[in-house]
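Along the sequence shown, residues carry numbers from 1. Predicted model, so just to flag it, every value in this text is computed and none were measured.
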Amino acid sequence: MRAARALVVGGFGINCEEETAAAYRLAGAVAATVPLGAVRCGEVRLDAFDVVHLPGGFSFGDDLGAGRVLANRIRARRLPDGTTMAQGLAGVARRGGMVIGACNGFQALVEIGLLPNLVGEGASEAALMQNASGKYEDRWVRLRADRASPARVCTGLEECEAPVRHGQGRLVFRDEAVRDEVERLHLNVLTYCDERGHPTDRYPANPNGAELACAALCDPSGRVLGMMPHLEAYLSVYNHYDWPRLRRERPNESEDGAGLVFFRNVVRAVLEA
């Protein structure tokens with residue numbers, strides 16, 4: 001079986017590209033980390049990859065907030081073949097690949113209109129706003145996956161933990177109709193939950209006040225996915241803040257972190273497409 005090919009975009013203030021590329025390699029993929037400019041000038045072609053990942057960070061210093069400058073670069077700049085990078089990303093998903101955005105990358109995918117993409121015309125249907133707490137949140141949260149989601153990459157993450165690091169992660173939908181459709185189609189892939197595993201809008205279990213307690217969102221195809229948690233930062237149980245207790249209580253369990261489970265699922269999904 002051939003190895004999946006993952007493109008991890010870096011540059012312009014994005015700062016989680018190396019650990020993201022490491023995650024794909026540990027999951028069995030061949031990963032390339034390239035600057036955004038190399039894609040925009042045509043030096044690197046999106047159609048050569050099975051996965052395109054926009055990592056977390058502070059692209060362009062996040063000066064206008066929520067990945068807006070990065071989104072404008074992706075949406076407006078023409079590639080050498082006359083298409084935009086946004087169209088190229090949509091093409092990756094259409095061919096059975098995956099487009100993933102984490103944190104700042106999630107913000108950009110929402111700004112572009114690739115998430116939740118209910119209409120399919122790049123319409124702005126959601127936004128990522130300032131955390132309801134008014135604070136930058138840098139800590140671990142509890143998550144639960146929706147088994148009915150079209151994004152099958154969260155299998156095995158029915159309940160897990162992961163770190164968040166963001167100041168603008170509060171997902172809000174354009175209107176009630178969009179929110180209801182996201183709920184009906186199970187596009188709310190990961191939700192923030194309390195200690196009993198119940199989705200919650202209560203702080204601090206929900207670190208930003210997101211509607212539907214949404215921590216990760218996909219499009220109807222399940223091939224475009226955005227998430228606020230940094231799963232690339234939890235590849236081993238030893239990344240966990242309380243790993244000694246976990247190992248004592250579950251000595252026979254795998255040492256893989258929830259993030260490695262996720263990235264293996266992504267690799268499997270694109271190879272089986």
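- A donor-acceptor pair is defined here as one N or O able to donate and one able to accept, closer than 3.5 Å; such a pair exists between the side chain of R139 and the backbone of P204.
- Atoms CG and CG, from L271 and D50 in turn, are 6.5 Å apart once rounded to the nearest 0.5 Å.
- Residues G122 and N117 come closest through the heavy atom pair N-OD1, 4.1 Å.
- Atom CD of E249 has more than 12 heavy atoms from other residues, nucleotides or ligands within 6.0 Å.
- Side-chain atoms of R5 do not come within 3.5 Å of backbone N or O of A29 as any donor-acceptor pair.
- In terms of modelled atom types and a separation under 3.5 Å, the side chain of R152 and the main chain of S149 share a donor-acceptor contact.
- Taking the ring centre of F263 as origin, the terminal cationic atom of R268 falls outside the region bounded by 6.0 Å and 45° from the ring axis.
- Summarising the geometry, atom CZ belonging to F58 is positioned 6.5 Å from atom CG belonging to N15; distances are rounded to the nearest 0.5 Å.
- Remark: side-chain polar atoms of N265 are paired, donor with acceptor, to backbone N or O of V153 under 3.5 angstrom.
- Side-chain N or O atoms of D219 include one that pairs as donor or acceptor with a backbone N or O of R223 at under 3.5 Å.
- Within the 4.5 Å cutoff, the side chain of R165 has no heavy atoms near those of the C103 side chain.
- No donor-acceptor pair closer than 3.5 Å links the side chain of R247 to the backbone N or O of N252.
- Distance CE/M227 to CG/L109: 10.5 Å, rounded to 0.5 Å.
- For Y192 against C214, the heavy-atom pair with the smallest separation is CE1-O, 3.4 Å.
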Checklist entry - Can you check side-chain contact (heavy atoms from CB on, under 4.5 Å) on V266 and V51, steps first, answer last? => result CA-CA 8 Å; V266 172; V51 185; 3.9 Å; yes

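- Cluster annotation: L212 and L115 are assigned to the same hydrophobic cluster (Ile/Leu/Val/Met/Phe/Trp/Tyr, side-chain heavy-atom contacts under 4.5 Å, transitive).
- The CZ atom of R144 sits 12.5 Å away from the SG atom of C154 when rounded to the nearest 0.5 Å.
- Across all their heavy atoms, A86 and I112 have their closest contact at CB-CG2, 3.7 Å.
- Of the possible donor and acceptor atoms, none in the side chain of T191 sits under 3.5 Å from a partner among the backbone N and O of C193.
- Residues L128 and Y203 fall into different hydrophobic clusters, defined by Ile, Leu, Val, Met, Phe, Trp and Tyr side chains chained together at heavy-atom separations under 4.5 Å.
- Under the 4.5 Å side-chain heavy-atom criterion for Ile, Leu, Val, Met, Phe, Trp and Tyr, W140 and L190 are members of distinct hydrophobic clusters.
- Distance alone, capped at 3.5 Å, is enough to place a donor-acceptor pair between the H240 side chain and the D242 backbone.
- The backbone N or O of L118 sits less than 3.5 Å from a side-chain atom of E125, completing a donor-acceptor pair.
- Side-chain atoms of N206 come within 3.5 Å of backbone atoms of N208 as a donor-acceptor pair (strictly under, hydrogens ignored).
- Ion pairing between a basic and an acidic side chain is recognised when a charged N comes within 4.0 Å of a carboxylate O; R170 and D201 show no such pairing.
- Note: the hydrophobic cluster containing Y241 also contains Y238 (ILVMFWY, side chain heavy atoms under 4.5 Å, direct or indirect links).
- With salt bridges taken as basic N to acidic carboxylate O contacts below 4.0 Å, none links E183 and R179.
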Next on the checklist: Run the salt bridge (Lys or Arg N to Asp or Glu O under 4.0 Å) test on E159 and R142 for me, step by step, so that the C-alpha distance in whole Å, both residues' side-chain angles and the decisive distance to 0.1 Å come before the verdict.
Outcome noted: CA-CA 7 Å; E159 190 170 342; R142 192 179 300 272; 3.7 Å; yes

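- Taking 4.5 Å as the limit, some side-chain heavy atom of L70 sits within range of a side-chain heavy atom of L36.
- You'll find the side chain of Q168 reaches within 4.5 Å of the side chain of Q107, heavy atoms only.
- Atom CD of E19 is separated from atom NE2 of H230 by 8.5 Å, given to the nearest 0.5 angstrom.
- Annotation: side chain of S236 is not in contact with side chain of L260 (no heavy-atom distance under 4.5 Å).
- Atom CZ of R245 has more than 12 neighbouring heavy atoms from other residues, nucleotides or ligands inside a 6.0 Å radius.
- Taking 4.5 Å as the limit, some side-chain heavy atom of E18 sits within range of a side-chain heavy atom of T33.
- Residues E111 and V69 have side chains not in contact (no heavy-atom distance under 4.5 Å, counting atoms from C-beta outward).
- Note that CG of L143 is 12.0 Å distant from CE of M228, once rounded to the nearest 0.5 Å.
- A ring-centre distance under 6.0 Å is not found for Y136 and H166.
- Side-chain heavy atoms closer than 4.5 Å link hydrophobic residues (I, L, V, M, F, W, Y) into clusters, and following such links, possibly through other members, connects V224 to L185.
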Checklist entry - Taking it one step at a time, do S133 and N131 satisfy side-chain hydrogen bond (donor to acceptor under 3.5 Å, both in side chains)? => result CA-CA 5 Å; S133 68; N131 294 346; 4.6 Å; no

Next on the checklist: Please evaluate residues D146 and N188 with respect to the criterion side-chain contact (heavy atoms from CB on, under 4.5 Å), reporting the C-alpha separation (whole Å), side-chain torsions for both, the decisive distance (0.1 Å), and the verdict.
Outcome noted: CA-CA 7 Å; D146 184 348; N188 191 10; 5.6 Å; no

Item to check | Working for side-chain contact (heavy atoms from CB on, under 4.5 Å), residues L79 and T84 | outcome: CA-CA 6 Å; L79 302 178; T84 65; 6.0 Å; no

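- Salt bridge E158/R147: present, at least one basic N to carboxylate O contact under 4.0 Å.
- Between A93 and V99, the shortest heavy-atom contact is N-CG2, 4.4 Å.
- A salt bridge links D256 with R264: the distance from a Lys NZ or Arg NE/NH1/NH2 to an Asp or Glu carboxylate oxygen falls below 4.0 Å.
- Contact of the F49 side chain with the V44 side chain is registered, since non-hydrogen atoms from C-beta on lie closer than 4.5 Å.
- Nearest approach of A213 to P199, heavy atoms of both residues: CB-CB, 4.4 Å.
- A heavy-atom distance below 4.5 Å is found between the side chains of V189 and L225.
- Closest heavy-atom contact between P116 and L187: CB-CD1, 4.3 Å.
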Item to check | Audit row: E255, V237, side-chain contact (heavy atoms from CB on, under 4.5 Å) steps and yes/no | outcome: CA-CA 5 Å; E255 295 183 0; V237 67; 4.0 Å; yes

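- Annotation for R45: atom CZ does not count as buried by contact number, only 12 or fewer foreign heavy atoms lying within 6.0 Å.
- A donor-acceptor pair shorter than 3.5 Å can be found between the side chains of N104 and S59.
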